[in-house]
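What follows is a set of notes on a single structure, which appears directly below.
We're numbering straight along the sequence, starting at 1. In each ligand, atom 1 is the first atom listed, and ligand 1 is the first ligand listed. What's counted below: heavy atoms across the whole structure, side chains too, no hydrogens, waters or symmetry copies.
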Amino acid sequence: MMTITYPVKSGLYVNMTNRCPCACTFCLRQNSDSVYGSDPLWLDREPTVKEVCESLVSADYKKYSEIVFCGFGEPTERLNDLLEVAKFIKENSNVPIRINTNGLSDLINGEKTARKLEGLIDTVSISLNATNKEDYLEVVQSKFGIESFEKMLEFTRDCVKFVPNVVMTVVDTVTSKEEQEKALKICEDLGATLRIRPLE
Ligand code: SF4
């Protein structure tokens, strides 16, 4: 049995892929099969759009405060499928939709992608992780190399044009006060909101 949807607090999370171009040093997948007491999030295969929608319906998705695309992998690896699922949710409910992402969608998909989110995604939460390209690469170990940081910032800047809420996150325990101040400045320049989050 595959865990396609799983509840976290008042939200329902969607686990569509295990693919990811990064190998973050803090990635939860390294030490665990699950998060927040979920069933294992490793997928035997990627569920179809139909299977994801069926899983949402079985989980009674309309009762949740938010649907969050976030699992054991980078959701934008399946951006078009994700947006089809978002369309299904939007057509049938008013539940807000968030994507938690590493922000490398443009590199993954080989094109500018933020515009596609317009009208379907309410919040994008992007892991900022570091405040310069060298430190960023050291933390996320992206297969796209040193250009990853700039491309992630560019995607964020684009999202601000098409998505109502754009949030960037850094982890409190692994960033200094100085780095958090730099992160705040980066977010202000891009038009995003900084969230300093605890290590999960
Ligand atoms: S981007 Fe997310 S899924 Fe990918 S390695 Fe980093 S923490 Fe893990």
Quiz prompt | Identity of the nearest option to atom 4 (Fe) of ligand 1, non-hydrogen atoms only, from C70, G103, C20 | solution = C20
Quiz item: Hey, is atom 2 (Fe) of ligand 1 under 4.0 Å from any protein heavy atom?
Solution: no
Quiz item: Is the closest side-chain heavy-atom distance between L28 and Y36 below 4.5 Å?
Solution: no
Self-check item: Contacting atoms of ligand 1, where contact means under 4.0 angstrom from a heavy atom of N102
Solution: 1 (S)
Quiz item: Does the shortest distance from atom 6 (Fe) of ligand 1 to an N/O/S atom of C24 fall below 2.8 Å?
Solution: yes
Quiz item: Atom CD of E84 and atom NZ of K50: how far apart are they, to the nearest 0.5 Å?
Solution: 13.0 Å
Quiz item: How close does the nearest protein non-hydrogen atom get to atom 8 (Fe) of ligand 1, and which residue and atom is it?
Solution: C27 SG, 2.3 Å
Practice problem: Could you pull out the closest heavy-atom pair between R19 and T17, with the gap in Å? | Solution: N-OG1, 3.0 Å
Exercise. Measure the acute angle between the ring planes of Y6 and Y13, then classify it against the limits of 30° and 60° as parallel, tilted or perpendicular.
Key: tilted
Quiz item: Just by distance, with hydrogens left out, do N18 and W42 show a side-chain donor and acceptor under 3.5 Å apart?
Solution: no
